Every structure is written in structure tokens, then in C-alpha cells.
Amino acid sequence: MKAIQYKAFGNSDVIEVTETIQPEISNENQILIQVKAASVNPLDIKLRSGIMQQIRPVILPFIPGADVSGIVVATGEKVTQFKAGDQVIGVTSAGGYAEYALVNESNAAIKPVNTSFEEATSLVVNIGTAQSVLFNEGKLERGQKVLIQGAAGATGATMVQMAKSARAYVIGTASGQGIALVKSLGADEVIDYKLHDVTALVKDVDLVADCAGGESQNKLFEVVKAGGKLFSIAASPSTELAEKHKVDARFIRSNISADSLTTGLALVNEGKLRPIVAKTFPLEEAAQAQDFLSAGGANGKVVLVVAQ
């Protein structure tokens with residue numbers, strides 16, 4: 001099968017298109033998917049660079065890619081929820097940038113009928129992360145105020161829609177074309193972070209969902225009310241500032257099991273949550289796709305299309 005591999009650590013020029021052996025089911029709870037589309041995530045780029053080797057080591061050659069969409073072609077003996085021919089979305093620890101990928105049954109779900117494969121693959125990590133930050137950990141409730149930093153990004157855009165569906169008051173930060181996008185998703189306020197100081201405009205937020213990280217993260221403590229929460233998917237917040245401002249501040253690891261997707265996928269099926277795809281690339285242009293994502297400013301998900 002055709003696949004993308006890292007045969008060394010480094011810049012995008014270490015990415016190679018290769019022919020390799022199609023994976024086979026080795027676990028009775030696995031499904032084999034003929035991949036139609038795969039998402040490009042920041043983690044893929046970090047793994048390629050080698051900076052993750054101490055905390056998430058990979059063995060070269062390595063096929064990257066976590067979230068995929070496609071068609072089930074085979075199932076393990078104990079799989080009960082899927083059969084050959086089902087159109088699904090799923091997430092795996094590696095191997096998504098390929099024509100076929102293995103996914104555990106517990107990490108897969110039926111693809112919403114109102115989405116393309118390209119749109120569907122953008123949902124898995126985004127919904128699982130939004131559910132983890134906003135509700136599993138953030139306990140966001142109707143009427144509460146949430147600030148989403150990086151609201152026009154792939155995950156941020158999903159957070160905006162899920163928070164609004166929960167009847168929260170949503171403030172998003174964005175810039176450029178992202179401002180119109182976040183407004184169209186229903187945010188109550190959208191702040192251009194390049195033109196305005198967020199801390200001068202926002203106070204007493206119940207929850208900050210930080211999707212961007214960077215130096216601006218520390219300033220976000222000023223907008224959270226005492227006893228509130230600042231959760232990041234980009235970088236661990238300062239424990240010193242958390243104590244100073246009496247804020248629960250943590251880095252949140254996403255739960256992307258099928259159970260964590262239930263609420264978000266229901267919203268998709270009801271037309272209340274739309275996937276946002278920034279740009280698609282053919283599988284063979286994985287290097288260009290990662291460079292596009294690395295350049296920043298992508299409003300939505302970058303997706304690889306797998307032609308078969």
C-alpha cells in the first residue's frame with residue numbers, strides 16, 4: 001500500500017512517499033479501515049522533528065497520522081459495533097497517513113451522513129478535545145462565560161460551536177479572516193488579538209480554553225475570576241500564576257475515545273456543528289500540508305485526501 005513515512009527526524013524534507021505492507025488485524029478488537037482522508041495535526045510535526053522522543057518515542061521508519069475517515073474492510077473477532085462496508089471515523093496512535101489503517105473499536109464511530117470523508121476526519125480529535133476541555137474537565141454550564149483563545153483554529157472552532165450548543169456565553173480570539181469565521185459559528189464576542197489587549201476587554205471568565213499557548217497564555221490569568229479555570233491544550237500553564245490568581249490551571253490531555261465523541265457527533269448529525277476544513281492536499285503532498293500547517297494562520301483543519 002502507499003504510505004507516508006518519516007525515515008529520519010528533521011524538517012519536512014524527511015517525509016517520503018513509499019510502498020509498504022498493508023497492516024493486518026492483530027487484535028480481536030481492531031477494525032481495518034480503507035482510508036479516504038486523514039487529518040494533519042501539530043503532533044505529527046512535533047514527532048517528525050524528534051523533540052517528542054523522550055515523552056513519546058517513535059521508531060523509524062514511522063507512518064504518522066492519528067485521525068482518519070474511511071470504509072471498514074475487516075473486523076476483529078470481538079468487534080460488534082462495525083461491519084465491512086461501514087463508513088467510519090476513528091483515531092489511532094500512528095499510521096493514518098496511508099491507504100489502510102488499524103483502529104481499535106473503542107476509538108471509532110460511524111461517520112455522520114451529512115459530512116464528506118474530508119470533513120469527517122476533521123471531527124475526531126477536535127470533538128474529543130473540546131469535550132475534554134469544556135465539559136469533562138471544565139464542567140461548563142449554561143450561562144457561564146468561556147474565553148476560547150485561538151477560536152478560528154481547528155479545535156477552537158469546534159469549541160465555539162459546542163460551547164454555544166451548551167448555552168454558554170462564548171468569547172473567541174482570532175485575527176484576519178478568522179474573525180468572520182468565529183462570528184459565523186455563533187460566538188457572542190470576537191476579539192482581534194492583534195489589535196486589542198484581551199485583558200482590557202474581558203473579565204470574570206469562568207473558563208479559559210487556551211488553544212494557542214505562547215506568551216499570551218500568562219496574561220489570560222487576568223481574565224479568569226477567582227475559583228475559575230484555565231485549561232490549555234498547547235502548553236502547561238504557570239503554577240505560580242495559578243496560585244496567585246486562585247485559578248485551577250492545567251494542561252489537558254484529550255480523551256478521544258468513541259464515548260467522548262457522542263455529544264459532538266450528535267450535534268453534527270443535527271446540523272448544529274459543522275466541520276471546518278482549511279485546505280486539502282493529496283496524500284503524496286504530506287510535506288506541503290505539514291508546511292502549510294506550520295506556517296500558522298490556518299482556519300480549520302488541514303486534511304490529506306487518499307485516492308484509491
Side-chain angles (χ1 to χ4, degrees), residues 1-5 17-41 43-44 62-129 131 154 158 254-271 273-275 277 280-284 286 289 301-308:
M1 70 171 186
K2 186 181 296 180
I4 300 299
Q5 287 186 339
V17 183
T18 185
E19 288 289 334
T20 188
I21 299 172
Q22 179 179 312
E24 296 181 354
I25 290 176
S26 59
N27 181 308
E28 55 195 5
N29 296 308
Q30 287 179 327
I31 58 176
L32 178 64
I33 297 174
Q34 181 185 27
V35 179
K36 294 297 185 180
S39 291
V40 179
N41 293 304
L43 177 62
D44 305 336
F62 175 75
I63 301 174
D67 34 345
V68 298
S69 65
I71 301 171
V72 176
V73 294
T75 62
E77 292 182 359
K78 288 193 174 180
V79 171
T80 60
Q81 299 181 60
F82 306 103
K83 64 183 183 304
D86 284 345
Q87 296 185 358
V88 297
I89 58 176
V91 65
T92 182
S93 59
Y97 287 23
E99 291 182 318
Y100 293 87
L102 292 170
V103 174
N104 286 329
E105 180 182 33
S106 60
N107 291 330
I110 293 295
K111 179 182 82 68
V113 296
N114 55 353
T115 62
S116 66
F117 284 111
E118 292 81 8
E119 292 171 329
T121 194
S122 75
L123 294 170
V124 187
V125 170
N126 293 349
I127 288 177
T129 301
Q131 179 70 32
T158 301
S254 303
N255 177 352
I256 45 180
S257 66
D259 289 343
S260 72
L261 305 179
T262 302
T263 299
L265 290 180
L267 293 174
V268 176
N269 283 311
E270 294 167 8
L273 192 162
R274 60 186 174 98
V277 176
T280 63
F281 294 81
L283 177 66
E284 295 81 358
K301 203 81 164 184
V302 179
V303 173
L304 296 175
V305 179
V306 184
Q308 297 172 334

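Keep in mind that this is a model prediction, so the values were computed, not measured.
Side-chain contact between Phe117 and Ile71 is present, with at least one heavy-atom pair separated by less than 4.5 Å. Side-chain contact check for Val91 versus Val103: every heavy-atom pair is 4.5 Å or farther apart.
In this model, no donor atom of one side chain and acceptor atom of the other lie less than 3.5 Å apart for Asn27 and Asn104. Asn255 and Ser257 are linked by a side-chain donor-acceptor pair at a separation below 3.5 angstrom, with hydrogens and angles left out of the test.
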| request: Go through the steps for Ile89 and Asp67 under the test side-chain contact (heavy atoms from CB on, under 4.5 Å), then give the verdict. | output: CA-CA 7 Å; Ile89 58 176; Asp67 34 345; over 6 Å; no

| task | Take Asn107 and Thr92 through the test side-chain contact (heavy atoms from CB on, under 4.5 Å) and record every step on the way to the result. | result | CA-CA 7 Å; Asn107 291 330; Thr92 182; over 6 Å; no

| field | Lys301/Asn41 under side-chain contact (heavy atoms from CB on, under 4.5 Å): CA gap, chis, key distance, verdict | value | CA-CA 8 Å; Lys301 203 81 164 184; Asn41 293 304; 2.7 Å; yes

| query | Can you list the steps and then say if Lys83 with Thr75 is a side-chain contact (heavy atoms from CB on, under 4.5 Å)? | reply | CA-CA 7 Å; Lys83 64 183 183 304; Thr75 62; 5.5 Å; no

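Tyr97 and Ile63 make their closest contact through O-CG2, 3.7 Å (heavy atoms, listed as atom of the first residue, atom of the second, distance). Closest of all the heavy-atom pairs between Ile256 and Val125 is CG2-CA, 4.0 Å. Taking both residues in full, the closest heavy atoms of Thr20 and Ala3 are given as CG2-CB, 3.8 Å, listed atom of the first, atom of the second, then distance. For Leu304 against Ala289, the heavy-atom pair with the smallest separation is CD2-CB, 3.7 Å. Here the closest heavy-atom approach between residue Leu123 and residue Pro112 is recorded as CD1-CG, 4.0 Å. The shortest heavy-atom contact between Val68 and Gly96 is CG1-CA, 3.5 Å.
If you take CE on Met1 and CD1 on Ile21, they are separated by 9.5 Å, rounding to the nearest 0.5 Å. Here OG of Ser106 is found 10.0 Å from CD1 of Ile31. Values are rounded to the nearest 0.5 Å. From Arg274, atom CZ reaches atom OG1 of Thr158 across 10.5 Å, with rounding to the nearest 0.5 Å. Once rounded to the nearest 0.5 Å, the distance linking CD of Glu99 with CG of Leu283 reads 7.5 Å. With rounding to the nearest 0.5 Å, the separation of CG in Asn269 from OG1 in Thr115 is 8.0 Å. Note: Glu118 CD to Thr280 OG1 = 6.5 Å, rounded to the nearest 0.5 Å.
When each of Ile33, Val88, Val306, Thr121 is paired with Ser69, the side-chain contact (heavy atoms from CB on, under 4.5 Å) condition holds for Thr121 and for no other.
Side chain of Asp44 to backbone of Pro64: no donor-acceptor contact under 3.5 angstrom is found. Side chain of Asp86 to main chain of Ile110: no donor-acceptor pair is present (N/O by atom type, distance under 3.5 Å, no hydrogens or angles).
Ion pair Glu105/Lys78 not flagged as a salt bridge, since none of the NZ, NE, NH1 or NH2 atoms sits closer than 4.0 Å to an Asp/Glu carboxylate oxygen.
Summarising the local packing, CD of Glu19 is surrounded by more than 12 heavy atoms from other residues, nucleotides or ligands at distances under 6.0 Å.
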